[in-house]
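Notes to accompany the following structure.
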Amino acid sequence: MTAIREQIFVAIAAALADPSVGAAEVERMPSGDPALHPALHIFDGGQRVEMGEAGTTRYALTVGIEGFVSGGTGGSAHAALNALHAATIAAIYDSTALAAISEEIEEGAMNVAVADRGDDRTIGFSLDLTIYFATQRGDPAIIN
């Protein structure tokens, strides 16, 4: 059986790859900068045991998401970044696959940065989500 945390990452990647989000690139645990813009990168921030009770272990999984847009002047890249962020959050919260395996999603702080990469003007955001889920005690592949 597939670990619940893997199912969570698969659900997030699928939600962000939906055409309505508008990302040209969605990648889990990328090893470098995005090849295409707009891009969304998904990172595993680890997890902690939140609580345990008879037969159940509740986890808090940290998921990092970085979004990138490029080009434009006069604030158009910033507007595109804001649209990508809004579509990202909506896709996460609207994911029925994610809702089926998680108990709660908590949105953390969003940070914005500008990066000059050669001739490419790039602006990006990073945000952390905490996703709570419960499994059968001793078997993180069985949801409780």
*Between Ile105 and Ser102, which heavy-atom pair has the shortest distance, and what is it?*
CG1-OG, 4.3 Å
*Considering only heavy atoms from C-beta outward, does the side chain of Ile89 approach that of Leu127 to under 4.5 Å?*
yes
*Can you tell me how far the OG1 atom of Thr2 sits from the CD1 atom of Ile142, to the nearest 0.5 Å?*
12.0 Å
*Which value, rounded to the nearest 0.5 Å, describes the distance between Arg137 atom CZ and Arg58 atom CZ?*
14.0 Å
*Spacing of Asp128 atom CG and Glu106 atom CD [to the nearest 0.5 Å]*: 11.0 Å
*asked:* Just so I know, are the side chains of Pro34 and His41 near enough to count as touching, which here means a heavy-atom distance under 4.5 Å?
replied: yes
*Can you find a pair of side-chain heavy atoms, one from Phe43 and one from Ile65, that are under 4.5 Å apart?*
no
_Single-linkage hydrophobic cluster Ile143~Tyr132, side-chain heavy atoms < 4.5 angstrom_ = no
*In terms of hydrophobic clustering (I, L, V, M, F, W, Y; side-chain heavy atoms under 4.5 Å; direct or indirect links), are Ile42 and Leu81 co-clustered?*
yes
_Those residues that, when tested against Phe125, pass ring pair (Phe, Tyr, Trp, His ring centres under 6.0 Å) (two or more places apart)_ = His85
*Heavy atoms only: give me the nearest Leu84-Ala39 pair and the separation to one decimal.*
CD2-O, 3.8 Å
*What distance do Asp139 atom CG and Thr57 atom OG1 have between them, rounded to the nearest 0.5 Å?*
10.0 Å
*List the atom of Phe133, the atom of Ile101, and the distance in Å for their closest heavy-atom pair.*
CB-O, 3.5 Å
*Rounded distance (nearest 0.5 Å) linking atom CZ of Phe68 with atom CD of Glu66*: 4.5 Å
*Does the pair Glu107 and Tyr93 meet the rule for a side-chain contact (heavy atoms from CB on, under 4.5 Å), with working shown?*
CA-CA 10 Å; Glu107 184 180 348; Tyr93 279 95; 3.8 Å; yes
*asked:* Working to the nearest 0.5 angstrom, can you tell me the gap between Ile12 CD1 and Thr88 OG1?
replied: 11.0 Å
_To check you understand the geometry: which heavy-atom pair defines the closest contact between Ala91 and Val21, and what is its length?_
CB-CG2, 3.6 Å
*His37 vs Val69 side-chain heavy atoms within contact, under 4.5 Å*: no
